Amino acid sequence: MGVIKVITISKRAELAVKGGHPWVYGTEVEACPADIKPGDIVRVLSKKGKFIGSGFYNPQSKITVRIISTNANDVFDDSFWKRRVAYAIDYRLQVMRPCDFNNMRLIFGEADQLPGLTVDRFEDILSVQILSLGMELRKESIINSLIEVLRERKLSVSCVYERNDVKIRELEGISLYKGFFKSPLLKEKEQKTIAHIVENGITYNVDVENGQKTGFFLDQKFNRLAVGQIAKGKHVLDCFTHTGAFALNAAKGGAASVTAVDISEEAVTMTQHNAVQNTYKIDVVKADVFDYLVTLDKTHNHFFDYIILDPPAFSKSRQTIHEAFRGYKEINYRAMKVLPRGGYLATCSCSHFMSEELFIKMLKEAARDAGVTLKQIAARQQAPDHPIIMTIPETYYLKLYKNFVLIARSFSFIIY
């Protein structure tokens with residue numbers, strides 16, 4: 001290991017890091033040696049020369065330093081990364097159910113002090129995504145440590161598939177690719193890209209090579225379960241269904257009927273396959289959800305008494321949040337308009353830019369314009385294998401917020 005270089009940051013960045021936020025932006029770096037290489041680990045000092053932390057340095061990225069430790073005595077060798085990985089795994093083994101271990105997020109980037117690294121476990125396949133240069137340069141040590149830690153805890157690993165095909169990597173100056181990770185700990189003959197998982201008693205086939213993100217969205221696991229718990233006897237409409245997971249949980253919960261809607265042909269096919277595989281009857285419709293709800297409203301169709309809204313993120317930057325607010329408001333307004341008296345609405349946002357306060361404000365405005373009264377039943381977040389760090393707002397992104405809301409027209413309430 002070479003000598004770790006030192007950089008100096010602004011007072012503003014110092015306060016942010018001391019407050020628990022792990023990012024230092026380019027404009028906050030005040031002194032930096034010319035011989036630091038992108039991806040190096042640097043020691044971060046205050047303007048007065050006080051140690052603040054150590055982190056990955058990358059001048060090509062908007063996030064110039066990603067803090068990985070605030071312990072001045074840490075040595076960043078293989079044993080350090082194995083300890084860091086072990087902390088993440090042991091946390092999940094504590095907070096998740098044993099039945100979740102075959103489909104669980106193992107590493108959640110900054111929330112596990114492993115910035116830019118996401119790892120999901122599907123059966124015995126690990127699906128890995130790396131979004132920072134510093135992590136890319138150290139992935140061999142970290143992934144091999146992960147395999148060792150899992151096996152030490154009697155959790156099998158047959159292969160590791162890298163889903164490094166997202167354009168955000170280009171902002172870090174690293175190439176896009178996907179394929180199997182090669183390791184002396186793994187056998188090439190055991191490589192596979194399809195996993196069979198069971199979530200909440202429902203079976204799914206996960207394609208880690210071609211599925212969205214790392215193959216399957218695990219963060220809604222307990223929210224799907226909660227949706228199914230109040231679905232009995234209801235006519236359910238699952239909007240933006242994707243793989244049909246909410247619809248399947250509603251069917252498992254005893255819904256009288258379930259209709260799933262998505263504009264994607266691939267989503268429709270996946271939902272139909274999953275419904276057949278689990279022997280549930282679900283009507284799957286290929287349509288634009290906005291248009292579908294508008295048609296229901298115009299025809300005064302109040303057949304559905306339970307609507308689930310799980311749209312993609314309408315905003316992926318702070319600059320587009322106003323447009324996103326209007327999009328969320330419109331889709332929720334339309335759903336509220338077609339629900340009958342005493343109907344139920346489960347509504348989500350997966351954008352951390354759509355803050356809790358802003359989402360509540362949107363729901364209030366949509367309810368006012370729709371002429372309904374909302375009664376909150378529950379507010380939920382992402383599953384605990386996607387931990388929320390109180391000092392890192394970016395880790396709190398999923399809100400099945402104000403999720404089960406009771407719709408009651410003319411101020412007539414049904415209490416759940």
Side-chain angles (χ1 to χ4, degrees), residues 1-88 107-119 128-146 162 164 166-177 181-183 389 392 394:
M1 293 182 63
V3 176
I4 296 181
K5 305 294 194 304
V6 173
I7 70 168
T8 302
I9 60 174
S10 68
K11 183 65 175 179
R12 177 180 175 180
E14 175 190 348
L15 292 173
V17 175
K18 285 183 175 179
H21 200 282
W23 295 347
V24 177
Y25 299 97
T27 55
E28 298 171 331
V29 176
E30 300 208 339
C32 178
D35 60 343
I36 298 180
K37 297 178 182 177
D40 278 354
I41 293 176
V42 296
R43 286 174 66 87
V44 179
L45 304 185
S46 71
K47 294 176 72 171
K48 294 183 178 180
K50 184 177 180 181
F51 175 80
I52 304 299
S54 301
F56 296 145
Y57 175 79
N58 187 359
Q60 287 186 249
S61 174
K62 180 181 177 182
I63 304 169
T64 305
V65 181
R66 298 172 187 265
I67 300 296
I68 56 175
S69 171
T70 54
N71 185 340
N73 297 317
D74 273 338
V75 176
F76 304 104
D77 55 11
D78 289 348
S79 62
F80 170 85
W81 296 116
K82 188 170 182 177
R83 287 195 308 274
R84 186 57 57 81
V85 165
Y87 296 153
I107 306 290
F108 186 41
E110 278 76 356
D112 290 301
Q113 293 185 293
L114 291 163
L117 177 64
T118 298
V119 181
V128 174
Q129 192 166 83
I130 296 173
L131 302 180
S132 71
L133 175 60
M135 191 60 64
E136 178 75 19
L137 295 176
R138 293 159 184 85
K139 70 177 182 180
E140 185 173 341
S141 174
I142 295 170
I143 296 176
N144 282 329
S145 292
L146 177 59
E162 296 185 75
N164 294 327
V166 288
K167 290 188 70 63
I168 195 171
R169 282 173 59 92
E170 294 176 345
L171 302 178
E172 288 278 315
I174 43 183
S175 61
L176 276 60
Y177 67 91
F181 173 77
K182 292 180 173 56
S183 167
I389 305 301
I392 311 176
E394 291 82 0

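No experiment lies behind these values; they were computed from the predicted model shown.
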Might you work through the side chain to side chain contact (heavy atoms under 4.5 Å, CB included) test for Val17 and Val44, ending with a clear yes or no? CA-CA 10 Å; Val17 175; Val44 179; 5.9 Å; no
Residues Asp74, Arg83; criterion side chain to side chain contact (heavy atoms under 4.5 Å, CB included); working and verdict: CA-CA 11 Å; Asp74 273 338; Arg83 287 195 308 274; 4.3 Å; yes
Stepwise side chain to side chain contact (heavy atoms under 4.5 Å, CB included) test for Thr8 and Lys47: CA-CA 6 Å; Thr8 302; Lys47 294 176 72 171; 4.3 Å; yes
Evaluation steps, side chain to side chain contact (heavy atoms under 4.5 Å, CB included), between Arg84 and Leu114: CA-CA 8 Å; Arg84 186 57 57 81; Leu114 291 163; 3.5 Å; yes
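No side-chain donor-acceptor contact under 3.5 Å links Ser46 to the backbone of Glu14. A donor-acceptor pair under 3.5 Å is absent between the side-chain atoms of Asp78 and the main chain of Ser141, judged by distance alone.
The shortest heavy-atom contact between Leu176 and Glu170 is CD1-CG, 3.4 Å. Pairing each heavy atom of Ile41 with each of Ser54, the nearest pair is CG2-CB, 4.3 Å. Ser183 and Asn144 get closest at one heavy-atom pair: OG-OD1, 2.5 Å. Nearest heavy-atom pair, Tyr57 versus Cys32, reported as atom, atom and distance to 0.1 Å: OH-SG, 3.3 Å. Phe56 approaches Trp81 most closely through the heavy-atom pair CZ-CH2, 3.7 Å. Between Asn58 and Pro38, the shortest heavy-atom contact is OD1-CB, 3.9 Å.
A salt bridge links Glu110 with Arg66; the closest basic N to acidic carboxylate O contact falls under 4.0 Å. Comment: Glu136 engages Arg169 in a salt bridge, judged by a side-chain N to carboxylate O separation of less than 4.0 angstrom.
Environment of CD1 in Ile168: sparse, with no more than 12 heavy atoms of neighbouring residues, nucleotides or ligands closer than 6.0 Å.
The CD1 atom of Ile392 sits 8.0 Å away from the CH2 atom of Trp23 when rounded to the nearest 0.5 Å. The distance from the CD1 atom of Ile107 to the CD1 atom of Ile143 is 10.0 Å, given to the nearest 0.5 Å. Here CD1 of Ile68 is found 5.0 Å from CZ of Phe80. Values are rounded to the nearest 0.5 Å. Rounding to the nearest 0.5 Å places CD1 of Ile130 at 9.5 Å from OG1 of Thr118. To the nearest 0.5 angstrom, Gln60 atom CD is 10.0 Å from Leu171 atom CG. Between Lys82 atom NZ and Ile142 atom CD1 the span is 14.0 Å, to the nearest 0.5 Å.
When side chains are defined from C-beta on, Lys37 does not count as touching Lys5, because their heavy atoms never get closer than 4.5 Å. Contact of the Gln113 side chain with the Ser69 side chain is not registered, since no non-hydrogen atoms from C-beta on lie closer than 4.5 Å.
A donor-acceptor contact closer than 3.5 angstrom links the side chains of Ser79 and Asp77. Donor-acceptor pairing under 3.5 Å is recorded for the side chains of Glu172 and Ser61.
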